[in-house]
K.L.:
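I'd like to ask some things about the structure below.
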Amino acid sequence: TSRYVSWPAFYTEYAGTRGLAGYVDGSRLKARFNAPSGLVISTDPRRPRRIYIADSGNHCIRVVTYESGRIATVAGSPITPGFRDGPGQEARFQQ
C-alpha cells in the first residue's frame, strides 16, 4: 500500500547527512545519498516498514528498513548509469 504526501512535508534527518553526498549502504547514520528525489513508504502491517528512495545522483533505487535502520541498494548501479530493464543490479537508470 502506498500513500502520497504532498509537499511541503515535515522534515527529519533519519538517514544520510544533509549536504554530504555520496554512496554508502549500511547503517542509516553512515549512509550517503546523492540527490535523492522521491520516496515511497510501505505501510503493510504484516511486513516491516520500508522506505524506497530514488537516489537520482547515484542512478539507484535504495531501501531503508525502518526498524533496523539499514540501507541497501535494490536496483541500479552508482557507477554505471543508463537505460536497461532487469533485476536488481542489472537495471540501469539515467537519473
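Remember, it's a predicted structure, so these values are computed and weren't measured experimentally. Starting from 1, each residue takes its place in the sequence as its number.
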K.L.:
Check R92 against T80 and note the closest heavy-atom contact, atom names and distance.
P.N.:
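Heavy atoms only, the tightest pair is CD-O, 2.7 Å.
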
K.L.:
Show, in sequence, the C-alpha distance, side-chain angles and deciding distance for Y66 and I51, and conclude whether the side chain to side chain contact (heavy atoms under 4.5 Å, CB included) test is met.
P.N.:
CA-CA 7 Å; Y66 188 78; I51 304 167; 4.1 Å; yes

K.L.:
Are side-chain heavy atoms of L20 and R32 found at a separation under 4.5 Å?
P.N.:
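When only atoms from C-beta onward are counted, R32 and L20 do touch, with a gap below 4.5 Å.
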
K.L.:
Nearest 0.5 angstrom please: S68 OG to R50 CZ, how far?
P.N.:
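The CZ atom of R50 is 8.5 Å from OG of S68, to the nearest 0.5 Å.
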
K.L.:
Return yes if some donor-acceptor pair links the side-chain N/O of D55 with the main-chain N/O of N34 below 3.5 Å, else return no.
P.N.:
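Yes; judged by distance alone, with no hydrogens or angles, the pair exists.
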
K.L.:
Around R84, counting heavy atoms of other residues, nucleotides and ligands shown, do more than 12 lie under 6.0 Å from its CZ?
P.N.:
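Atom CZ in R84 is crowded, with more than 12 foreign heavy atoms closer than 6.0 Å.
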
K.L.:
Can you tell me if H59 uses its side chain to pair, donor with acceptor, with the backbone of Q94 under 3.5 Å?
P.N.:
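Yes; at least one donor-acceptor contact below 3.5 Å.
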
K.L.:
May I ask you to decide if C60's main-chain N or O and N58's side chain share a donor-acceptor pair within less than 3.5 Å?
P.N.:
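No, the answer is negative, given that no donor and acceptor are paired below the 3.5 Å cut-off.
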
K.L.:
With R62 as the cation and F33 as the aromatic partner, state whether NZ or CZ is under 6.0 Å from the six-membered ring centre and within 45° of the axis.
P.N.:
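Yes, R62 lies over the aromatic ring of F33.
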
K.L.:
Please check: side-chain N/O of S27 versus main-chain N/O of L29, any donor-acceptor pairing under 3.5 Å?
P.N.:
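Checking the backbone N and O of L29 against the side chain of S27, a donor-acceptor pair under 3.5 Å is found.
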
K.L.:
Side chains of R70 and R28: closer than 4.5 Å at any heavy-atom pair?
P.N.:
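Heavy-atom side-chain distance check fails, nothing below 4.5 Å.
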
K.L.:
Please say whether more than 12 non-hydrogen atoms of neighbouring residues, nucleotides or ligands are located less than 6.0 Å from OH in Y23.
P.N.:
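For Y23, atom OH is crowded (more than 12 foreign heavy atoms under 6.0 Å).
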
K.L.:
Report the residue from V64, V63, T65 that forms a side chain to side chain contact (heavy atoms under 4.5 Å, CB included) with I71.
P.N.:
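Considering V64, V63, T65, a side chain to side chain contact (heavy atoms under 4.5 Å, CB included) with I71 is found only for V64.
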
K.L.:
Under 3.5 Å, is there a donor-acceptor pair between the side chain of D85 and the main chain of A91?
P.N.:
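No: the side chain of D85 does not pair with the backbone of A91.
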
K.L.:
Look at the side chain of S77 and the backbone N and O of Q89, then say whether any donor-acceptor pair between them is shorter than 3.5 Å.
P.N.:
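Such a contact is absent between S77 side chain and Q89 backbone.
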
K.L.:
Can you name the closest pair of heavy atoms from I61 and A54 and give their distance?
P.N.:
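Smallest heavy-atom distance, with atoms named: CD1-CA, 4.2 Å.
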
